[in-house]
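Positions are given from 1 along the sequence. Computed from a predicted model, the values in this text were never measured in an experiment.
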Amino acid sequence: MSAQPLAQPLAEAAASVASPAHPLAQQLGHPLAASAASLVQSVDWLAVAPPLIAAVVALGVLVADLFLPESRKNVLGWISVAGLAAAALMLLPLLDGDRATFCLTGAGTGTGAGPGSVTGVPRACSYAADHFTLVIQLLVLGGALLAALLSITTLDDDRRRVPPGEFWFLLLSATAGAALLPAARDLATLIVALEVASLPAFALVGIRHGDRRSAEAALKFFLSSVTATAVSLMGVSFVYASTGTLYLTQVAQRLPDTPGQLHTLAQTGVVLTLIGFAFKTAAVPFHFWVPDTYVGAPLPVAAYLSVVGKAVGFSGLILVTVVAFPSYADVWGPALAVLAALTMTVGNVGALRQQATRARSAVRLLAWSSVGQAGYLLVPIAAAGYAKDAQKAIGSTVAYALMYAAVNLGAFAVAAVVGRGRAGNRISDYRGLYATNPVTALLMAFFLLCLAGLPPGIIGLFAKVTVFSAAVGAGLGWLAVVMAVNVVIALFYYLQWTALLFRAPEGETVRHRIPAPLTAAIALAGVAGVALSGAPQLVLRFAATGLF
């Protein structure tokens, strides 16, 4: 019998039962009608445009790779760069106000209907394009754009071992997940976005065919991330069992009123969720995968992980602590303070111990440096657990992350220049760089001084001051002292590397032509760093205003 004659009667029956006038619907208090109304809602396509564009371009690149001849595969890189630029430009129309979509309530999803409140009542939305979201998405898309420019040159040099179509698909897919995560406002979307950002990254690290070091790095990255995801999922399941909801705003409301028999379950869920995100931020003792992963991955992928990967971890950590678990600030505040102290200390000591003549010591030093910088980024989040104005403390982390993203990507770009001529990429290979590439050497010195927090890297200095002030303002004087000691430790290896750039070169100097994409990446990072040092208020404004 054909199913078509049955379709209309069944549809009419369902509509009749869902109608408020139906006796069954009246008996149940109209739950079916309410459910139908809550499921039918419009999607704010403008709000979801940045991650959506990255995802669509990823699929387009994968399909185009099937039809392009080998000699034309380089066009995929420029399509990817254009797609990332378009996704970043779509942030501009979102500046006019907070937007939210995929909401539980029917209070509207357009401009002005922000995720924070509707007539004073917190809204339960899965996606929010608020101030915090836009800033992190700018960092993610801008960082991915610079990493894409670095990748174009790398793929041209190493095309035999790196398949272009798969590489660009994975990079854009990871970026789409990373751009989605700061907008997630429920725990399910948060975990899904985290995995979309992480799974392609595993493949990117080990994408070079026949490279044993790359395969080992991918395996370490995979095992650590899978462990983090498993722990996070266990924590999220416990939180859901305790509160009966996945929406961050509702979790924040219900956690303080958890019944006594579920109190231990809720506490365990909060702790496990925080541990899972601590893995993603490379906080000590969950940092062991970072040095080997950065060294084994293609250099643009290491640059991507050092900035975009950290943005994913820290934005997720901010959302679960400040938005979902504010009632447990007495638990995560001290824990994150200890993690911050350990992370910055272990990271800086690890960077200090790097030998200049060791193979790939430049990338390894940047890897340990990124662990130390992660410790600084954790300080304001820990301070938010003590401060009266948690959002202002979080603003310090965002301001520092923007500075770190620009200058760290610039340092990796210069490392890519040196690595083209000297495959070992030792720190000693940078000796006399000023004699062969004066502009590149000056920019590298500027990037390193920004990371150290010394003039003329004004933005690095001011960013560190905001982190200090966040710690002191929250009463964490001991953490500010630990940070001051670590800043002094970091000065030694940053200044030592900077001085090496201007020493007399050993042997005959050889000038290397820098490809246009690599030049563009260095120039963009340099312009961003100089502009922010000239007008640091552009970044520091985020430290003085609320983000949510």
**Student:** Please answer whether the main-chain N or O of Ala179 pairs with a side-chain N or O of Gln137 as donor and acceptor at a distance below 3.5 Å.
**Tutor:** yes
**Student:** Ignoring hydrogens and geometry, is there a side-chain-to-backbone donor-acceptor pair from Trp332 to Phe325 under 3.5 Å?
**Tutor:** yes
**Student:** NE2 of His131 to CG of Asp98: how many Å apart, nearest 0.5 Å?
**Tutor:** 9.0 Å
**Student:** If you compare all heavy atoms of Thr343 against all heavy atoms of Ala283, which two are closest, and at what distance to 0.1 Å?
**Tutor:** OG1-CA, 3.5 Å
**Student:** Please check: side-chain N/O of Tyr404 versus main-chain N/O of Leu409, any donor-acceptor pairing under 3.5 Å?
**Tutor:** no
**Student:** For the residue pair Ala218 and Val205, what are the closest heavy atoms and their distance?
**Tutor:** N-CG1, 3.5 Å
**Student:** Using modelled atom types only, decide if a donor and an acceptor are shared between the side chain of Lys220 and the backbone of Phe288 within a distance under 3.5 Å.
**Tutor:** no
**Student:** Closest heavy-atom contact between Val284 and Val346?
**Tutor:** CG2-CB, 3.7 Å
**Student:** Taking everything shown except Phe286 itself, do over 12 heavy atoms lie less than 6.0 Å from its CZ?
**Tutor:** yes
**Student:** Roughly how far, to the nearest 0.5 Å, is the OG1 atom of Thr273 from the CG atom of Leu317?
**Tutor:** 10.5 Å
**Student:** Any chance the side chains of Tyr386 and Asp330 put a donor and an acceptor closer than 3.5 Å?
**Tutor:** no
**Student:** Taking everything shown except Tyr328 itself, do over 12 heavy atoms lie less than 6.0 Å from its OH?
**Tutor:** yes
**Student:** What distance do Thr133 atom OG1 and Leu91 atom CG have between them, rounded to the nearest 0.5 Å?
**Tutor:** 10.0 Å
**Student:** Which of parallel (below 30°), tilted (30 to 60°) and perpendicular (above 60°) describes Trp289 and Phe221?
**Tutor:** parallel
**Student:** Say you draw a straight line from OG of Ser232 to CD of Glu195; how long is it, rounded to the nearest 0.5 Å?
**Tutor:** 8.5 Å
**Student:** Keeping the roles fixed (side chain from Ser306, backbone from Ala303), state whether a donor-acceptor pair exists under 3.5 Å.
**Tutor:** yes
**Student:** Between Asn486 and Thr345, is there a donor-acceptor pair closer than 3.5 Å when you use the side chain of the first and the backbone of the second?
**Tutor:** yes
**Student:** Between Ala129 and Leu94, what is the shortest heavy-atom contact and its length?
**Tutor:** CB-CD1, 4.5 Å
**Student:** Look at the side chain of Tyr127 and the backbone N and O of Ala47, then say whether any donor-acceptor pair between them is shorter than 3.5 Å.
**Tutor:** yes
**Student:** Has the side chain of Ser237 got a donor or acceptor atom that lies under 3.5 Å from a matching backbone atom of Met234?
**Tutor:** yes
**Student:** When you measure from the side chain of Ser126 to the backbone of Asp186, do you find a donor-acceptor pair of N or O atoms at a distance under 3.5 Å?
**Tutor:** no
**Student:** Could you give the distance from CG (Leu190) to CG (Leu248), rounded to the nearest 0.5 Å?
**Tutor:** 6.5 Å
